[in-house]
Amino acid sequence: MPAIVIVGAQWGDEGKGKATDQLGARVDHVVKFNGGNNAGHTVVIDGEKYALHLLPSGILTPGVTPIIANGVVVDLAVLFEEIEALEARGVDTSKLKVSANAHVIPSYNTTLDKVSERFLGKRKIGTTGRGIGPSYADKMNRAGIRVQDLFDESILRQKVEAALVLKNELLVKTYNRRAVEADEVVTELRSYVDRLRPMVVDSGLEIARALDAGETVLFEAGQATMLDVDHGTYPFVTSSSCVAAGASTGSGMAPGRIDRVVGIFKAYTTRVGEGPFPTELLDETGDALREAGFEFGTTTGRPRRCGWADALVGRYATRVNGLTDMVLTKLDTLTGFETLRVATGYRVPAAKASGLGDGRREGEWVYFDEMPMSQSDFHHAEPVYEDHAGWTEDITGCRAFDELPQAAQDYVLRLEELVGTRISVIGVGPGREQSIVRHELAPGR
């Protein structure tokens, strides 16, 4: 049976949670393989809204085993707050598993994340201040704390004390904050041991056994392609691997076992935080998109930057992830716009162009048909648009492609052509049932 990877094909907030939830009824395990509580999913079931930050979306589907795998950084306080909130609403969380190799987010990293962003001022990256970056940095510096470390107090104390040598220097001498006591950190982390113990597993082994038994496993990426630490708009990215390849390293699954990769692509584009965004609309149209789509962060509440769809971003995501299918979300948000625009290329003033990559010089401009190689070119890029007629009909009740207005059908088919992979599902509303399925993404259970 298949291993299916779901990834964001833009800058996040595309609706991965709904897509994961919809597939949940046809899968046995849902695995979160990267990120932490710095990105949220909103899922609407029978009119009830569930906002998830750290937990995999599959936790909302009865019978599914949700797994927080080794590539995730875990804020244990947030983990148990979310569990308690869901259980209070009648959601069964007893099948949740957490990798022994997942790194935890100690309180000192949350503090460092917040104060360092303020210290950077205009040069800030735009992090959520939840300790994600510093915890991934500790992981790469081999100074991180893993879930399994909590169960050996001696090892935990050694690791905390070693980490605090440098971190207290930063907090006290650079940021004018008080030093953190190792005892405080150890006591806090150890307080979760009893509740955590029944959940802890070898995620790679768990996943391998499930696939060997013929079960379907769904891998859910946090953030999105353009926020990937290697392949995104660096340095305005997250600290983990958000692309499909990250599902392997972030879970312990062999890459050859991936059968299908599904990209989630919003019918327009949004971004939260700092960084370049060629199709951003800093006008009334952008404001209208934000209000129509209720584009405010699930985790942070921050208003999202909004703009038209970008086919170059879609093609790039298709290539980097090896997408087999695309889910187009929030098509209903575009209802009522007289004209819809899609970026089919970029142009950069020749005087500012880097000279790298395959841009073509035409007069005073350098034109790109694919994502520029140079981040400098991307920063200076202006979109070259293709215009499409909009529609006014309410499409939230459509359940078949031919029920959509002709203008909506034409828009979807053109996007499909431009991004280079088939659009298998179209979202026409926030509800679990408000989707048009053109091609099945997973087999029946």
Self-check item: Glu370 and Arg319: CA distance, side-chain angles, deciding distance, salt bridge (Lys or Arg N to Asp or Glu O under 4.0 Å) verdict
Solution: CA-CA 11 Å; Glu370 299 291 345; Arg319 172 168 60 84; 5.5 Å; no
Quiz prompt | Audit row: Thr233, Arg271, side-chain hydrogen bond (donor to acceptor under 3.5 Å, both in side chains) steps and yes/no | solution = CA-CA 12 Å; Thr233 51; Arg271 178 168 194 171; 3.1 Å; yes
Between [X] and [Y], what is the shortest heavy-atom contact and its length?
{"X": "Ala343", "Y": "Pro383", "value": "CB-CB, 4.0 Å"}
{"X": "Pro276", "Y": "Gln375", "value": "CG-NE2, 3.3 Å"}
{"X": "Pro56", "Y": "Ile68", "value": "CD-CG1, 3.9 Å"}
{"X": "Ile105", "Y": "Gly131", "value": "CG2-O, 3.9 Å"}
{"X": "Ala350", "Y": "Gly363", "value": "CB-O, 4.4 Å"}

Exercise. For side chain to side chain contact (heavy atoms under 4.5 Å, CB included), just list the numbers for Thr279 and Tyr385, CA-CA rounded to whole Å, side-chain angles, deciding distance to a tenth of an Å, and then say yes or no.
Key: CA-CA 9 Å; Thr279 65; Tyr385 283 121; 3.5 Å; yes
Atom pair [atom1] ([X]) and [atom2] ([Y]), whose distance is rounded to the nearest 0.5 Å:
{"X": "Phe265", "Y": "Glu416", "atom1": "CZ", "atom2": "CD", "value": "12.5 Å"}
{"X": "Leu289", "Y": "Cys306", "atom1": "CG", "atom2": "SG", "value": "5.5 Å"}
{"X": "Phe33", "Y": "Ser241", "atom1": "CZ", "atom2": "OG", "value": "8.5 Å"}
{"X": "Arg315", "Y": "Asp310", "atom1": "CZ", "atom2": "CG", "value": "8.5 Å"}
{"X": "Phe219", "Y": "His29", "atom1": "CZ", "atom2": "NE2", "value": "10.0 Å"}
{"X": "Leu60", "Y": "Thr93", "atom1": "CG", "atom2": "OG1", "value": "11.0 Å"}

So, the side chain of [X] versus the backbone of [Y]: is there a donor-acceptor pair under 3.5 Å, distance only?
{"X": "Thr329", "Y": "Glu14", "value": "yes"}
{"X": "Thr318", "Y": "Val419", "value": "yes"}
{"X": "Asn321", "Y": "Val243", "value": "no"}
{"X": "Gln409", "Y": "Leu404", "value": "yes"}
{"X": "Arg142", "Y": "Gly144", "value": "no"}
{"X": "Gln10", "Y": "Tyr268", "value": "yes"}
{"X": "Asp259", "Y": "Ile4", "value": "no"}
{"X": "Asp28", "Y": "Thr216", "value": "yes"}
{"X": "Lys330", "Y": "Gly293", "value": "yes"}
{"X": "Arg399", "Y": "Glu433", "value": "yes"}

Quiz prompt | Arg130 with Asp75: basic N within carboxylate O range, under 4.0 Å | solution =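 The answer is no: the pair does not qualify as a salt bridge.
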Exercise. Walk me through it: do Arg304 and Asp13 pass the test salt bridge (Lys or Arg N to Asp or Glu O under 4.0 Å)?
Key: CA-CA 9 Å; Arg304 296 173 184 144; Asp13 309 308; 3.3 Å; yes
Do [X] and [Y] have side chains that approach each other closer than 4.5 Å (heavy atoms only, starting at C-beta)?
{"X": "Pro405", "Y": "Glu393", "answer": "yes"}
{"X": "Arg341", "Y": "Leu281", "answer": "no"}
{"X": "Leu76", "Y": "Leu150", "answer": "yes"}
{"X": "Phe277", "Y": "His379", "answer": "no"}
{"X": "Asp138", "Y": "Tyr108", "answer": "yes"}
{"X": "Leu413", "Y": "Ile423", "answer": "no"}
{"X": "Trp11", "Y": "Thr270", "answer": "no"}
{"X": "Lys16", "Y": "Ser57", "answer": "no"}

Exercise. List the steps and the verdict of side chain to side chain contact (heavy atoms under 4.5 Å, CB included) for Leu196 and Leu79.
Key: CA-CA 10 Å; Leu196 193 59; Leu79 174 67; 4.2 Å; yes
Quiz prompt | Partners meeting side chain to side chain donor-acceptor pair (under 3.5 Å) with Trp391 (sequence neighbours left out) | solution =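 Residues passing side chain to side chain donor-acceptor pair (under 3.5 Å) with Trp391: Thr335.
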Quiz item: When Glu295 is tested against each of Arg290, Arg305, Lys266 for salt bridge (Lys or Arg N to Asp or Glu O under 4.0 Å), which residue passes?
Solution: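 Testing each of Arg290, Arg305, Lys266 against Glu295, the sole residue satisfying salt bridge (Lys or Arg N to Asp or Glu O under 4.0 Å) is Lys266.
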Can you confirm whether more than 12 heavy atoms, excluding those of [X], are under 6.0 Å from its [atom1] atom?
{"X": "Glu362", "atom1": "CD", "answer": "yes"}
{"X": "Asp358", "atom1": "CG", "answer": "no"}
{"X": "Tyr234", "atom1": "OH", "answer": "no"}
{"X": "Arg209", "atom1": "CZ", "answer": "no"}

Quiz prompt | side-chain hydrogen bond (donor to acceptor under 3.5 Å, both in side chains) between Asn109 and Ser135, worked out | solution = CA-CA 6 Å; Asn109 278 346; Ser135 296; 3.1 Å; yes
Exercise. Test side chain to side chain contact (heavy atoms under 4.5 Å, CB included) on Met253 and Val217 and set out the steps.
Key: CA-CA 11 Å; Met253 172 193 61; Val217 182; over 6 Å; no
Practice problem: Determine, step by step, whether Thr396 and Asp332 satisfy the side-chain hydrogen bond (donor to acceptor under 3.5 Å, both in side chains) criterion, reporting the C-alpha distance in whole Å, the side-chain angles of both residues, the deciding distance to 0.1 Å, and the verdict. | Solution: CA-CA 6 Å; Thr396 56; Asp332 55 298; over 6 Å; no
Self-check item: side-chain hydrogen bond (donor to acceptor under 3.5 Å, both in side chains) evaluation trace for Asp92 with Ser94
Solution: CA-CA 6 Å; Asp92 180 14; Ser94 63; 2.8 Å; yes
Self-check item: Qualifying residue, where the test is side chain to side chain contact (heavy atoms under 4.5 Å, CB included) with Met226 and the options are Val237, Thr269, Thr238, Val313
Solution: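 For Met226, the side chain to side chain contact (heavy atoms under 4.5 Å, CB included) test succeeds with only one of Val237, Thr269, Thr238, Val313, which is Val313.
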Exercise. Using the side chain to side chain contact (heavy atoms under 4.5 Å, CB included) rule, pick out the option among Ile426, Ile436, Leu331 that qualifies with Ile395.
Key: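 Of the listed residues Ile426, Ile436, Leu331, the side chain to side chain contact (heavy atoms under 4.5 Å, CB included) partner of Ile395 is Leu331.
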Quiz item: Taking the six-membered ring for Trp, are the ring centroids of Tyr346 and Phe378 within less than 6.0 Å of each other?
Solution: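 They qualify: ring centres under 6.0 Å apart.
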Exercise. List the steps, then state whether side chain to side chain contact (heavy atoms under 4.5 Å, CB included) holds for Val200 with Gln148.
Key: CA-CA 8 Å; Val200 179; Gln148 60 180 277; 5.8 Å; no
Quiz item: Between Phe80 and Tyr192, what is the ring plane arrangement, given parallel below 30°, perpendicular above 60°, and tilted in between?
Solution: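 Parallel.
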